[in-house]
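Chain identifiers are assigned alphabetically (A, B, ...) following the order of the sequence lines, protein sequences preceding nucleic acid strands; residue numbering begins at 1 within each chain.
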Amino acid sequence: MSRYSANEIEAKWQEAWDKAGIFTATRSADKPKYYVLEMFPYPSGRIHMGHVRNYTMGDVIARYKLSTGHNVLHPMGWDAFGMPAENAAMAIGGHPKEWTYNNIADMRGQMKPLGLSIDWSREFATCDPEYYGQQQALFLDMLEAGLVYRKNAVVNWDPVDMTVLANEQVENGRGWRSGALVERRELTQWFFKISSMSEELLSALDTLENWPAKVRLMQENWIGKSRGLEFAFERTDGGEPITVYTTRPDTLMGASFVGISPDHPIAKQLEAENPKVAEFVAECRKGGTTEEAIETAEKLGFDTGIRVRHPLDPNWELPVWIANFILMDYGTGAIFACPAHDQRDLDFCRKYDLPVIDTFFALDDDTPVDNVAFVPPKEQKVRWVNHFAGLTEATGQEAIDATIDFAEKAGWGKGVTKYRLRDWGLSRQRYWGCPIPVVHCDDCGVVPEKKENLPIRLPDDVTFDKPGNPLDRHPTWRDCACPCCGKPAKRETDTMDTFVDSSWYFARFTAPRAETPTDLAEAEYWMNVDQYIGGIEHAILHLLYSRFFARAMHITGHLPKKACEPFDALFTQGMVTHEIYQTRDAKGRPVYHLPEDVIELNVDGKRQVVLRHDLLVKEGASDEELFLIAKSNDLVVETVPSAKMSKSKKNVVDPVSIISAFGADTARWFVLSDSPPERDVEWTAAGAEAAHKHLSRVYRIASEIAASDVAANAADEDLLREMHKTIRDVTNGIESFGFNASIAKLYAFTNTLAKSKAGTAAKTQAAKTLAQLMSPMTPHLSEEIWQMLSGEGLVATAPWPVADESMLVDDTVTLPIQINGKRRAEITVAKDLDKAEVEKVALSTEAVQRALDGASPKKVIVVPGRIVNVVV
RNA sequence: GCGGAUGUGGCGAAACUGGUAAACGCAAGGGACUUAAAAUCCCUCGUCUUCAAUGACUUGCGGGUUCGAUCCCCGCCAUCCGCACCA
């Protein structure tokens, strides 16, 4: 009998699928369509286990849908623009284009052995001119529709390298390459008007029933709708009043100063006039642009000397401070501070010795605020000591509403709704991205390029030996004719954020070779994505941008209305983790080791990990002896469990080596088996080996059945009953993303099958069903077994088995008997026995009789088919 | 700082979202087969009560609701993730 040889089997069946062309997506009216999409990868050059998990999950769904009679669209492409290609060009030379396409070829080569049911004929990379040219066309349409505009925005600026830095290139406030302190600097940049759709993007979240609740909540918080009061403080010097926005107008009587952003027009004006202000503002601009950097930076303030009048008391003057924690992008870039009820304001006031005025207390505690601000939930009732609308006891929310009402009636303020969501800045001062198709003309200004000139291709003759954007310093690329007047003009040298590329690729997959961004007939048929799968790290930006883009593409006529929410169902999968192996250097710093460089020893039943070393190659030595040798030679390794796989920590496992050692089916089976898909899964060598052993076992069991000849007998029915329950459970598992639960059932059924004394016919049926149920996870092995047992055609296209309802019900049921909520006995009764009878049987059991001790029960709860609880 | 999540045996986890906590797998221990090893098969395996139960305890910690809580409510603790130029 032959043994399970994954490498032979897998190549053979991949060729068979290719030949049969079963994964090519085709439109036809006779079947429902199903579009399953995993977030496409960045072509880093190597696939990692995270990819294997992500694409295996999608493949399970795709293959399952194929065998349940759907026209399946399951495409693959490459998110191919971005900084790593430029970083590589700077670090090791070469060209981003070459680097990227080589990586794509490598990764495709690593991915194909996984046996994914992908329609490779639709493959594209976002750096293909055919793709980004259509993206430029979309941009022009959006520009015309008023969804794109230019304004100033802040970037991270490296003053030594004279270049813009991405957030990830800022480490501890310094540029990663130069080590210089990073500054915030303003540039004129292009923006998508996503904020014009804030309300729509927020309210439509309710329709996304098949999205994880947490993703919807994260988007809701990100959009950040708030209602507050906008009003102006009059300046004592007669200058332009300062308009502020506040979500807590009810605390106006607790105001202690007015704060403005360092980027506020008043601050800018003072900056120009007053060197001290200029110095302070420059200090504020140090540090990165991330919200985190701004929020966690030390609170700094500068008293401008400007004074404003309190709107309710003209004699009450408040100072105007510039404060580094106020964002120009949010609200009006100016606030009033109420330190008693805001911790950040309080810290600021204590630091600069500004007054703290309580405006309300808890109902049962009127201790004045000291160094902890009193910030109760808005729904909580509080006692007001300082309110102008005559409130005594009211919740924060009631007070806010009353205040807005009061201000509107009095005429000094108005209630407004604001969103935290900012417009999407898409300009990047980099080479390896989609060129923004506009032209700067001295006479006509900023004008769109003509569509017939698209794509505006990136020039190939560029170098990365100097800082800055190679498009800027290219001798001729910028030169062009103005599309308006025809005079010599200059191209825009900024390229687009790579998030733009990934905001519409799902639509492009429906017609990847179309001469327009989409083909409406194809989009009408294939959209929406029925199941989208990807990492939780994309919960906000990528998914929100895609929702915006889908709407924009509908407005510009590139997608049907139904595609405005492009992803019907979303699943966010967890990461693949691996333990870290580390030793320490002389200074106590960790030194990391690859999994293949360590050995595991079993010392008195305890697992010990040591470095692989010649000293440990010793004939006949026990693990205990080897461990002693390792210990005396400093070869013992510390382990850190469950860390995200990363090259720097060396806790990586290469899928390619796993596939060559065990086969793709083993890798696929393992990444699905050990943890629920939404949670992280820990890769372990033992787990991978166990998965491989199990698949070998299934192969062996199937071969034995194929070679057996046992007559039908009494054990057949039990086996077939289990088979039908397994069909039901595995199917439910796949439908609900409970792949680990499906696999547990498959393990259990394999055990049943192995032990069964049933006849060959029943066992053959059971094993063929097992192969089918396993086929979404282990498609190659399943084909092999299917063939071995004379299954018809390919298992990949065989109709999914259906559980026979009549085989699912048992005649009797075993019920636990609880006494006071503790399980004390169990009874087996007919399934349809009525409640009173069940109660009678339960009460007659010895355990219940003993507990009752002659008394009658206080209460008996019978939950049919589940449990009996006797209260004594 | 703000926001989001997670926590169950030595480990990954399951429990049909209020009804027998620990299915399934890993690791570990014992045994069979074998000259031996590999492979395979069988048994044990939450903790404690020195053994054992049809005994007690057990789902991060502390309370609560309920006949009954891993699941619902309140309050803590710990860990992980995201924060707009990484993809």
Q. A:Ser675 side chain N/O closer than 4.0 Å to the phosphate oxygens (OP1, OP2) of B:A13?
A. yes

Q | Interatomic distance at P, B:G9 relative to B:G60, whole Å | A | 7 Å

Q: Would you please confirm or rule out a distance under 4.0 Å between OP1 or OP2 of B:U40 and any side-chain N or O of A:Arg3?
A: no

Q. Say you pick atom P in B:C61 and the same atom in B:C11; how far apart are they, in whole Å?
A. 14 Å

Q: Indicate yes or no: at least one non-hydrogen side-chain atom of A:Met76 is less than 4.5 angstrom from one of A:Glu38.
A: yes

Q.
Once hydrogens and angles are ignored, does a donor-acceptor distance under 3.5 Å link the base of B:C85 to the side chain of A:Gln189?
A. yes

Q: Answer with base, sugar-phosphate or nothing: what part of the nucleic acid does A:Lys755 contact at a heavy-atom distance below 4.0 Å?
A: sugar-phosphate

Q | Interatomic distance at P, B:A56 relative to B:G1, whole Å | A | 47 Å

(Q) Heavy-atom nearest nucleotide on RNA chain B for A:Pro676 versus A:Ala686: which residue maps closer to 5'? (A) A:Pro676

Q: State whether A:Asn740 places a side-chain N or O below 4.0 Å from either non-bridging phosphate oxygen (OP1 or OP2) of B:A23.
A: no

Q. How would you label the glycosidic angle of B:G68: syn (within 90° of 0) or anti?
A. anti

Q) What form does the base of B:U17 take, syn (within 90° of 0) or anti? A) syn

Q.
Give the residues of residues 424-433 of chain A touching RNA chain B, defined as any heavy atom closer than 4.0 Å, sorted by residue number.
A. A:Gly425, A:Ser427, A:Arg428, A:Gln429, A:Arg430

Q. Between A:Ile867 (CD1) and B:A15 (P), how many Å, whole number?
A. 18 Å

Q: Select base, sugar-phosphate, or nothing to describe what A:Glu298 touches, counting heavy atoms under 4.0 Å on all strands.
A: nothing

Q. What class does the angle between the rings of A:Phe192 and A:Phe548 fall in, given that below 30° is parallel, 30 to 60° is tilted and above 60° is perpendicular?
A. tilted

Q.
Please tell me if A:Thr498 has a side-chain N or O lying less than 4.0 Å from either OP1 or OP2 of B:A87.
A. yes

(Q) Could you check whether any side-chain heavy atom of A:Leu843 comes within less than 4.5 Å of a side-chain heavy atom of A:Pro857, counting everything from C-beta outward? (A) yes

Q: Would you indicate what A:Ile743 reaches in the nucleic acid, counting non-hydrogen atoms under 4.0 angstrom: base, sugar-phosphate, or nothing?
A: nothing

(Q) Roughly how many Å apart are B:U54 and B:C16, using the C1' atom of each and rounding to a whole number? (A) 28 Å

Q. Which whole-number value in Å describes the distance from A:Leu541 CG to B:C86 C1'?
A. 11 Å

Q: Decide yes or no for A:Val215 and A:Ile536: does some side-chain heavy atom of the first lie under 4.5 Å from some side-chain heavy atom of the second?
A: yes

Q | Near-ring test A:Tyr532/A:Phe571, centroid separation under 6.0 angstrom | A | no

Q. Hey, does A:Lys693 reach any base, or is it just sugar-phosphate, or nothing, if we go heavy atoms under 4.0 Å?
A. sugar-phosphate

(Q) From NZ of A:Lys745 over to P of B:G25, roughly how many Å is that when rounded to an integer? (A) 12 Å

(Q) Within the structure provided, determine whether A:Met107 and A:Arg46 are in side-chain contact (heavy-atom separation under 4.5 Å). (A) no

Q. So what does A:His538 touch, heavy atoms closer than 4.0 Å: a base, only the sugar-phosphate, or nothing?
A. base

Q: Taking atom C1' in both B:A23 and B:G46, compute the distance separating them and give it to the nearest angstrom.
A: 14 Å

Q) Less than 4.5 Å apart, any side-chain heavy atom of A:Leu543 and any of A:Gln219? A) yes

Q: Measure the distance from CD on A:Gln608 to C1' on B:G10 and round it to the nearest whole Å.
A: 14 Å

Q: Could you pick out which residue, A:Pro84 or A:Lys299, lies toward the 5' side of RNA chain B when each is mapped onto its nearest nucleotide?
A: A:Lys299

Q: Grab the CZ-C1' distance between A:Arg823 and B:U58 for me, whole Å please.
A: 16 Å

**Q.** Of the listed nucleotides B:A84, B:C85, B:C57, the one nearest the side chain of A:Ala166
**A.** B:C85

Q: Evaluate the side-chain proximity of A:Met83 to A:Trp432: yes if any heavy-atom separation is below 4.5 Å, no if none is.
A: no

**Q.** Length of the CG-P vector between A:Asp494 and B:C85, whole Å
**A.** 13 Å

(Q) Does A:Arg420 qualify as a cation-pi partner of A:Trp222, given the criterion of NZ or CZ under 6.0 Å from the six-membered ring centre and within 45 degrees of its axis? (A) yes

Q) Could a donor-acceptor pair under 3.5 angstrom be found where the side chain of A:Arg344 meets the base of B:C2? A) no

Q.
From C-beta outward on A:Asp79, which listed nucleotide comes closest to its side chain: B:A5, B:A87, B:C85?
A. B:A87

Q) Side-chain N or O of A:Arg679 less than 4.0 angstrom from OP1 or OP2 on B:G7? A) yes

Q. For atom P, what is the distance between B:G29 and B:U17, given to the nearest Å?
A. 40 Å

Q) Is the Lys NZ or Arg CZ of A:Arg150 less than 6.0 Å from the centre of A:Trp190's six-membered ring, within 45° of the axis? A) yes

Q) Which nucleotide, B:C26, B:A84, B:A87, lies nearest any side-chain atom of A:Tyr545? A) B:A84

Q.
Between A:Asn221 and B:G4, is there a contact of a side-chain N or O with OP1 or OP2 at under 4.0 Å?
A. yes

Q.
So A:Phe499, base contact, sugar-phosphate only, or nothing? Heavy-atom distance under 4.0 Å.
A. base

Q. For A:Asp623 and B:A27, what is the distance between atoms CG and C1' respectively, to the nearest whole Å?
A. 14 Å

Q.
What does the B/S/- profile of nucleotides 62-81 of chain B look like, 5' to 3', with a 4.0 Å heavy-atom cutoff to protein?
A. -----BS-------------

**Q.** Ring centre gap for A:Phe739 and A:Phe737 strictly below 6.0 Å
**A.** yes

Q. Looking for any heavy atom pair under 4.0 Å, which part of the strands does A:Asp729 touch: base, sugar-phosphate only, or nothing?
A. nothing

Q: For A:Gly687, answer base if it contacts any base atom (sugar-phosphate contacts may also be present), sugar-phosphate if it contacts only those atoms, and nothing otherwise; contact means non-hydrogen atoms under 4.0 Å.
A: nothing

Q. For RNA chain B, what is the dot-bracket line, given that a base pair needs Watson-Crick (N1 to N3, plus N6-O4 or O6-N4) or G-U wobble (N1-O2 and O6-N3) geometry with both distances under 3.5 Å, and | means paired with another strand?
A. (((((((..(((......[....))).(((((.......))))).(((......)))..(((((..]....))))))))))))....

Q.
Work out how far the P atom of B:U35 is from that of B:A21, and round it to whole angstrom.
A. 48 Å

Q.
Between A:Trp78 and A:Tyr131 (judged by ring centroids, cut-off 6.0 Å), do the two rings come close enough to count as a pair?
A. no

Q: Kindly indicate whether the side chain of A:Gln429, heavy atoms from C-beta on, has any atom under 4.5 Å from the side chain of A:Leu187.
A: yes

Q.
Within the 4.0 Å heavy-atom criterion, would you say A:Arg216 contacts the bases, only the backbone, or no part of the nucleic acid?
A. nothing

Q) Does A:Arg697 put a side-chain nitrogen or oxygen below 4.0 Å from OP1 or OP2 of B:C41? A) yes

Q.
Can you measure A:Lys835 atom NZ to B:G19 atom P for me and round it to whole angstrom units?
A. 16 Å

Q.
Would you measure the distance from the C1' atom in B:A15 across to the matching atom in B:C71 and give it in whole Å?
A. 10 Å

Q.
In this structure, is the centre-to-centre distance between the rings of A:Tyr132 and A:Phe81 below 6.0 Å?
A. yes

Q. Which part of the nucleic acid, if any, lies within reach of A:Val868 when heavy atoms closer than 4.0 Å are counted: base, sugar-phosphate only, or nothing?
A. nothing

(Q) Does either side chain, that of A:Arg428 or that of A:Gln189, offer a donor lying less than 3.5 Å from an acceptor on the other one? (A) no

Q) Between A:Trp669 and A:Ile743, is any pair of side-chain heavy atoms under 4.5 Å apart? A) yes

